[in-house]
Amino acid sequence: MGKEHGGSPKLYQVESKRKRVSWIVGVSGLCIFFYVVGAWQNNGRRATPSAEVYTRVGCDHDMSSSSSISSSSSVVPMDFESHHQLVVNNTKSLENFSPCEMLYSEYTPCQEPQRGRKFDRNMLKYRERHCPNKEEKEALRCLIPAPPNYKIPFKWPQSRDYAWFANIPHKELSIEKAVQNWVQVEGDRLRFPGGGTMFPHGADAYIDDISEVVPLTSGTIRTAIDTGCGVASWGAYLLKRDIIAMSFAPRDTHEAQVWFALERGVPAMIGVMGSQRLPYPARAFDMAHCSRCLIPWSKYDGLYLIEVDRVLRPGGYWVLSGPPIRWKTYWRGWERSQEDLKKEQDSIEETARQLCWKKVIEKGDLSVWQKPLNHNKCNKNKSPFICKARNKADAAWYQDMEACITPLPQVTNSDEVAGGALEKWPERAFAIPPRISTGSIPSITVEKFKEDNQVWSERVSYYKRLIGLLPQGRYRNVMDANAYLGGFAAALLKYPVWVMNVVPANNEPDTLGIIYERGFIGTYNDWCEAFSTYPRTYDLIHAGGLISLYQDRCDITYILLEMDRILRPEGTVIFRDGVEALVKIKSIADGMRWQSRIVDHESGPFNPEKILIAVKTYWTGEPKRE
């Protein structure tokens, strides 16, 4: 037999070169355990390691005490490097990565302004995603530096109101939006008073006004989207009402607005209403919001309102404040003619009518519309705007917008909620999502959903031991890079965190709609490309099976470099994968100024899936020399 790995029970490695299979054999008493640590398919590609590929023979006594790490008092790092090797694409081994130049400290690879200028300005296409071409060596292969004097951000909830100026050294908005109270510079700190263009007296009072016409406190509304969000104060103050908003804005002349939001510990992404669909599934949000967001709702035959309709849940609300609402009062200050503003509002009203929306109210600076529960009446009216294809509603990764209404699932009566009704929050988080209960995703059953919740409850309990900072409020912005059913986010509900659930684009099954039905937020992303965020915006990244998923698609080095870019100094990444993949990850991470260790699966040492914990060390770029 091969080399002894040590420990109790004793582990041995056995290799079969003919079958290209490597086994670990564990021996303890009368028990022998086997599990595959590397197997190849007929086409020569390595099969994804499975946590189920292990067995036990010859046992006549209980092994739970020796095989379960959860019952032990310490977690011992494991050394697999001398026994497992895996070549993934053309990634070089033992590469040491140097810091990039300081001019890249704010680098956003797929929304870089200089690259964007090469593209069409029509429909803001130049502000959409345009990623570097790795084949032409446009992608950086270095570490994005933090600015000198970078400080660990304030803990939540203090971070809602304060951030360190050294972390995001931009004063533009404090000057340009001074009267509107977006952000103020106070010594070495940035202060966020909670103001906005249409709510200079504070987001709290503004949300109270909305609450008079929209049921914000009943648990009916949980997910929201803020289009053109500024520094996301609307989303920040919704959180205390148990409503989580996906706020987005482009990287534009309002420098760093989304960055400010994330530094505050508020969910946000770089994004724009342009020519492509928003990267979210159909029927995702209970409420959509625009507060003087400068989106031309009346242009392109109502295309942008049609896209809001696609992502809005049946019965969901659209809240609009700012031009053209209340134009008779504000037209002079907006420096636009009364005729122009009236024409714009009439166009919005007509598009809303074609969408079968009901106008709930126009009161003060607010106008509110509501999407119908189903399309029964729209279908009876034979609206020419209903799209023919029903199976493309969730397609949202580099998909052009369509000038037709995304059809809702069919219903039998006019009072039925298309696609299925949702439980109120917080019961919604663990209730069976309609996409599962109706069988619209056949591969995911009710039993699988319940099992997944139980698995994640156990995993998060284990993570508390692996990374003691989790229950201490050290982490705020969390990303699940391969979110599946959102079980990780659900298991973290008792902690002061929010989770960006990322579902790999063009991957089956598409589960992002399930995540939204649970009351969580997320987005699609192809991890062969960069994520739509600024550097140093996440405290904790979870990557379960992500490297196995992408190892044959692109160089995983760039995935790890992207994680390094978006991770804050002293932030943590948790990888779950097969041994070979984790050894490869560790060999790359060791050249990235990360400290990492491989530990056993929470079920014990005989599970082939292992866990790698990596921590990004604190370091900053060098200040400019005079």
Side-chain angles (χ1 to χ4, degrees), residues 5 11 13 21-24 35-41 45-54 69 75-89 91 93 452 455-456 458-460 462-463 466-467 479-485 487-488 501-504 507 525-528 540-564 567 572-592 594-616:
H5 285 242
L11 302 180
Q13 177 170 323
V21 174
S22 180
W23 298 78
I24 291 293
Y35 67 82
V36 180
V37 295
W40 280 257
Q41 298 171 338
R45 292 189 302 171
R46 191 180 74 83
T48 302
S50 169
E52 307 301 324
V53 188
Y54 68 98
I69 277 197
V75 180
V76 181
M78 311 180 77
D79 179 13
F80 294 101
E81 294 189 25
S82 61
H83 304 290
H84 305 282
Q85 293 183 354
L86 176 66
V87 177
V88 184
N89 290 344
T91 304
S93 59
D452 190 70
V455 164
W456 278 107
E458 295 169 0
R459 285 179 176 178
V460 169
Y462 186 52
Y463 291 163
L466 294 179
I467 47 174
M479 175 183 287
D480 191 348
N482 189 13
Y484 188 44
L485 302 179
F488 183 46
N501 293 280
V502 183
V503 171
N507 202 59
N525 191 63
D526 180 349
W527 284 107
C528 290
L540 174 65
I541 301 174
H542 189 278
L546 187 74
I547 301 306
S548 290
L549 182 64
Y550 278 93
Q551 64 187 17
D552 294 328
R553 302 184 189 181
C554 53
D555 187 342
I556 66 166
T557 299
Y558 288 108
I559 298 177
L560 297 185
L561 286 171
E562 173 62 5
M563 289 182 175
D564 182 83
L567 199 63
T572 301
V573 187
I574 302 175
F575 295 94
R576 302 181 70 97
D577 226 310
V579 173
E580 294 94 336
L582 293 186
V583 169
K584 187 61 184 178
I585 294 169
K586 192 175 190 313
S587 70
I588 299 170
D590 288 346
M592 293 170 53
W594 288 10
Q595 295 176 346
S596 62
R597 59 193 174 113
I598 298 175
V599 300
D600 270 322
H601 189 275
E602 61 270 5
S603 66
F606 304 109
N607 194 309
E609 184 178 76
K610 303 297 175 185
I611 300 169
L612 186 147
I613 308 295
V615 177
K616 177 178 176 178

Residues Trp594, Leu612; criterion side chain to side chain contact (heavy atoms under 4.5 Å, CB included); working and verdict: CA-CA 12 Å; Trp594 288 10; Leu612 186 147; 6.0 Å; no
Test side chain to side chain contact (heavy atoms under 4.5 Å, CB included) applied to Lys584 and Ile556, step by step: CA-CA 9 Å; Lys584 187 61 184 178; Ile556 66 166; 3.9 Å; yes
Can you check whether [X] reaches [Y] side chain to side chain, under 4.5 Å on heavy atoms?
X: Tyr550; Y: Pro504; value: yes
X: Leu560; Y: Met592; value: yes
X: Leu540; Y: Met479; value: no
X: Val573; Y: Ile585; value: no
X: Trp456; Y: Tyr484; value: no
X: Asn482; Y: Asn507; value: no

Glu580 backbone acceptor or donor facing Lys610 side chain under 3.5 Å: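 No, Lys610 side chain to Glu580 backbone: no donor-acceptor pair under 3.5 Å.
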Side-chain donor/acceptor of Lys616 to backbone N/O of Leu567, under 3.5 Å: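 At least one qualifying donor-acceptor pair exists.
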Can you tell me how far [atom2] of [Y] sits from [atom1] of [X], rounded to the nearest 0.5 angstrom?
X: Tyr462; Y: Glu458; atom1: OH; atom2: CD; value: 12.5 Å
X: Ile574; Y: Ile467; atom1: CD1; atom2: CD1; value: 4.0 Å
X: Ile559; Y: Cys528; atom1: CD1; atom2: SG; value: 5.5 Å

Which residues pass the side-chain hydrogen bond (donor to acceptor under 3.5 Å, both in side chains) test with [X], sequence neighbours left out?
X: Asn525; result: none
X: Trp527; result: none
X: Tyr558; result: Arg141

Give the minimum heavy-atom separation between [X] and [Y], together with the two atoms involved.
X: Asp590; Y: Ser596; value: OD1-OG, 3.5 Å
X: Ser548; Y: Ala581; value: OG-CB, 4.3 Å
X: Ala481; Y: Ile541; value: CB-CG2, 4.4 Å

Donor-acceptor pair between Arg576 and His542 side chains, under 3.5 angstrom: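 Result is no, nothing qualifies.
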Criterion side chain to side chain contact (heavy atoms under 4.5 Å, CB included) on Ile613 and Thr572, from CA distance to verdict: CA-CA 7 Å; Ile613 308 295; Thr572 301; 4.1 Å; yes
CA sep, side-chain torsions, deciding dist, call: Asp577, Glu609, side chain to side chain contact (heavy atoms under 4.5 Å, CB included): CA-CA 5 Å; Asp577 226 310; Glu609 184 178 76; 5.9 Å; no
